[in-house]
Protein chains: 2
Amino acid sequence: MSRPEAKPSEKSGSYHHGDLRRALINAARVSLKEKGIDKLSLREVARNTGVSHAAAYHHFRDKTSLVAAVAVTTFSELESVMQRAFDEQAVDAVARLRSLAHTYVEFALEHPDEFRLMFSPQLRDDTVLTEVEKAGRATYVVLIAALSVVQEEGRLATDNLERAAITVWAQVHGLASLMLDGPLYRNAQSEAGREALIAASVEGLLTGVLNE
Amino acid sequence: MSRPEAKPSEKSGSYHHGDLRRALINAARVSLKEKGIDKLSLREVARNTGVSHAAAYHHFRDKTSLVAAVAVTTFSELESVMQRAFDEQAVDAVARLRSLAHTYVEFALEHPDEFRLMFSPQLRDDTVLTEVEKAGRATYVVLIAALSVVQEEGRLATDNLERAAITVWAQVHGLASLMLDGPLYRNAQSEAGREALIAASVEGLLTGVLNE
DNA sequence: TTCAGGTCTTGACATCGGTAAGATAATACC
DNA sequence: GGTATTATCTTACCGATGTCAAGACCTGAA
């Protein structure tokens with residue numbers, strides 16, 4: 001529309017930044033990796049972007065809004081990583097599902113603070129809920145797609161696709177959370193420990209807890 | 001030893017509080033319920049306890065240490081709630097397990113911010129990790145006990161008890177997280193929605209995702 | 001060329017976590 | 001019983017944060 005979209009990002013010398021919004025989001029992600037979510041500060045993000053702290057408020061209503069923007073971009077990254085895992089693993093539907101589960105947990109372990117941020121309670125705020133939900137739903141779609149292929153091959157234990165999806169998501173999300181911030185923390189410090197936990201969790205998920 | 005254990009709590013008039021440590025923990029839990037974890041402030045907790053903010057530092061190294069103390073008491077509460085669920089439900093081992101799973105998720109939904117606090121990343125700090133881990137392990141023990149009864153009845157799908165425990169915990173924890181702070185948030189706003197989600201998740205967990 | 005808009009800055013405010021120095025009360029010791 | 005030691009609590013600070021208000025600056029449209 002009326003937005004000329006500005007030269008992307010590299011306009012740092014001038015008064016007007018060019019694409020400050022995107023620059024702030026990127027700086028926030030860097031800061032997130034370096035300092036963790038607890039110490040993520042709007043002011044520092046602005047400083048690292050070479051801009052005054054108040055400048056950010058022309059692009060984001062408040063800190064939560066910046067956090068939400070970061071969450072949205074990270075969700076879409078997770079989505080594409082999962083989509084790729086789905087596409088690459090073509091042995092059979094179950095192998096694909098397994099690969100998806102591994103990918104989700106590994107993404108969380110590789111980007112712990114971004115993962116925490118995506119599920120930060122502050123994002124349940126009305127002003128940002130909608131956009132974050134939309135981003136989350138896109139990720140969900142990949143999972144549903146994978147499961148429906150499993151279903152087509154007649155390997156799903158239930159005809160309730162949604163039930164299966166909830167079970168899978170809860171499993172991988174729970175495992176990631178427990179490994180990052182819960183009682184599985186210590187076990188997840190070694191590569192071997194991580195792999196063992198993921199394998200156990202995923203096999204248990206696919207097989208179920210009870211026999212018959 | 002030399003500690004006469006002070007008259008419990010109701011000594012608010014005097015200069016020395018009596019049992020300020022416990023009082024601060026309780027005030028923190030109240031504040032948690034009212035304002036949420038994001039706005040939990042050591043200073044406000046101290047104010048609500050009728051004491052200066054610096055007084056807290058004679059009982060807790062820092063805010064993280066207070067948070068850890070709250071986490072420990074909440075873990076032990078969760079443990080006793082689960083133990084009770086295990087004891088009360090005596091139909092059979094599977095019913096007990098089911099009841100335990102429901103109890104965990106319901107506890108999280110009833111005490112959202114305490115639940116979040118129990119799994120707050122700041123508790124992975126070296127100075128408090130050990131005590132929090134110990135509290136978490138006690139909860140784990142209840143789960144293991146329930147599962148080993150299931151195993152004795154020959155109904156466990158695997159002979160790997162720990163694998164089953166990880167699967168169960170990841171499932172209930174993941175579901176709770178997704179309902180509180182994730183894409184299942186909206187679905188969890190109604191009582192009917194909550195029950196449907198829990199039922200789906202638990203049944204999926206017990207049955208498994210794949211057939212055969 | 002002017003001016004209206006968005007963009008950025010400086011400066012202020014309340015609040016936070018944390019520390020230091022000192023006042024006060026409770027206990028241990030003689 | 002009286003004194004000294006120790007634990008507890010207070011007041012006063014520090015640097016940092018999120019947010020807002022006022023104004024300076026730049027850019028594009030009239």
Side-chain angles (χ1 to χ4, degrees), chain A residues 1-7 9 11-24 27-28 31-32 34-70 120 122-123 125 127-128, chain B residues 1-9 11-24 27-28 31-32 34-70 117 120 122-123 125 127-128:
Chain A
M1 305 308 173
S2 63
R3 246 307 204 58
E5 201 42 55
K7 287 151 207 157
S9 60
K11 204 187 171 187
S12 315
S14 63
Y15 189 83
H16 280 34
H17 182 281
D19 196 353
L20 184 52
R21 186 186 157 88
R22 201 180 315 266
L24 288 170
S31 197
L32 209 49
E34 288 175 355
K35 312 257 187 150
I37 193 171
D38 289 332
K39 309 213 165 143
L40 180 65
S41 138
L42 208 170
R43 290 176 98 108
E44 189 186 330
V45 168
R47 274 197 301 271
N48 292 346
T49 314
V51 108
S52 87
H53 60 272
Y57 286 87
H58 290 268
H59 301 271
F60 301 100
R61 174 196 300 280
D62 51 20
K63 187 187 176 183
T64 295
S65 179
L66 167 59
V67 168
V70 173
S120 166
Q122 67 184 304
L123 299 182
D125 187 295
T127 61
V128 298
Chain B
M1 304 306 178
S2 63
R3 250 300 206 61
E5 199 45 51
K7 286 149 207 158
S9 61
K11 204 185 169 188
S12 317
S14 64
Y15 188 83
H16 279 35
H17 182 281
D19 196 354
L20 185 53
R21 186 187 156 87
R22 201 180 315 267
L24 288 170
S31 196
L32 211 49
E34 289 174 355
K35 312 258 184 147
I37 193 171
D38 289 333
K39 308 213 166 142
L40 180 65
S41 135
L42 206 169
R43 291 176 96 107
E44 189 187 329
V45 167
R47 273 196 303 270
N48 293 346
T49 314
V51 109
S52 85
H53 65 274
Y57 286 88
H58 289 269
H59 300 272
F60 301 99
R61 175 196 302 279
D62 51 19
K63 187 187 176 184
T64 296
S65 179
L66 167 61
V67 168
V70 173
L117 181 141
S120 166
Q122 67 184 302
L123 298 182
D125 187 295
T127 61
V128 298

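All chains are named by letter (A, B, ...) in the order of the sequence lines, taking the proteins before the strands, and each is independently numbered beginning at 1.
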Mind calculating the distance between CG (A/Leu42) and C1' (C/dC16) to the nearest angstrom? 16 Å

N or O in side chain of A/Arg47 less than 4.0 angstrom from C/dT9 OP1/OP2: no

Are B/Val70 and B/Leu40 packed together at the side-chain level, in the sense that at least one heavy-atom pair is separated by less than 4.5 angstrom? no

B/Phe60 CZ to D/dT8 P, in whole Å, measures 12 Å

Please state how far atom NE2 in A/His58 lies from atom P in D/dA21, giving the value in whole angstrom units. 12 Å

Distance-minimising heavy-atom pair for A/Tyr57 and A/Leu42: OH-CD1, 3.5 Å

Could you tell me whether the side chain of A/His53 has a donor or acceptor atom within less than 3.5 Å of a complementary atom in the base of D/dT17? no

Spacing of A/Arg21 atom CZ relative to C/dC8 atom P, expressed in whole Å: 13 Å

Nearest-angstrom distance from the residue atom NZ of B/Lys35 to P of C/dT15: 10 Å

Can you identify which nucleotide, out of D/dT17, D/dG18, C/dT9, has its nearest atom closest to the A/Glu44 side chain? D/dT17

Using atom CZ of A/Arg43 as one end and atom C1' of C/dC16 as the other, report the distance to the nearest whole Å. 13 Å

Which part of the nucleic acid, if any, lies within contact of B/Leu40, taking any heavy atom under 4.0 Å across all strands shown: a base, the sugar-phosphate backbone alone, or nothing? sugar-phosphate

Let me confirm one number: the NE2-CZ distance from B/His53 to B/Arg43, rounded to the nearest 0.5 Å. 4.0 Å

Determine the minimum heavy-atom distance between A/Val128 and A/Gln122, stating which atoms define it. CG2-O, 4.4 Å

The side chain of B/Ala55 is closest to which nucleotide in this list: C/dG11, C/dC8, D/dC9? D/dC9

Within the 4.0 Å heavy-atom criterion, would you say B/Arg61 contacts the bases, only the backbone, or no part of the nucleic acid? nothing

Nucleotide nearest A/Val51 when distance is taken to its side chain, options D/dC20, C/dC8, C/dG18: C/dC8

Just the rounded figure in Å: distance from P of C/dC16 to NZ of B/Lys63. 9 Å

Looking only at side-chain atoms of B/His59, point me to the closest of D/dT19, C/dC8, D/dT8. D/dT8

Could you check whether B/Ser41 gets within reach of a base, just the sugar-phosphate, or nothing at all, counting any heavy atom under 4.0 Å? sugar-phosphate

Value in whole Å for how far the C1' atom of C/dT7 lies from CG of A/Asp19: 13 Å

Residues B/Ala27 and B/Val45: closest non-hydrogen pair is CB-CG1, 3.9 Å

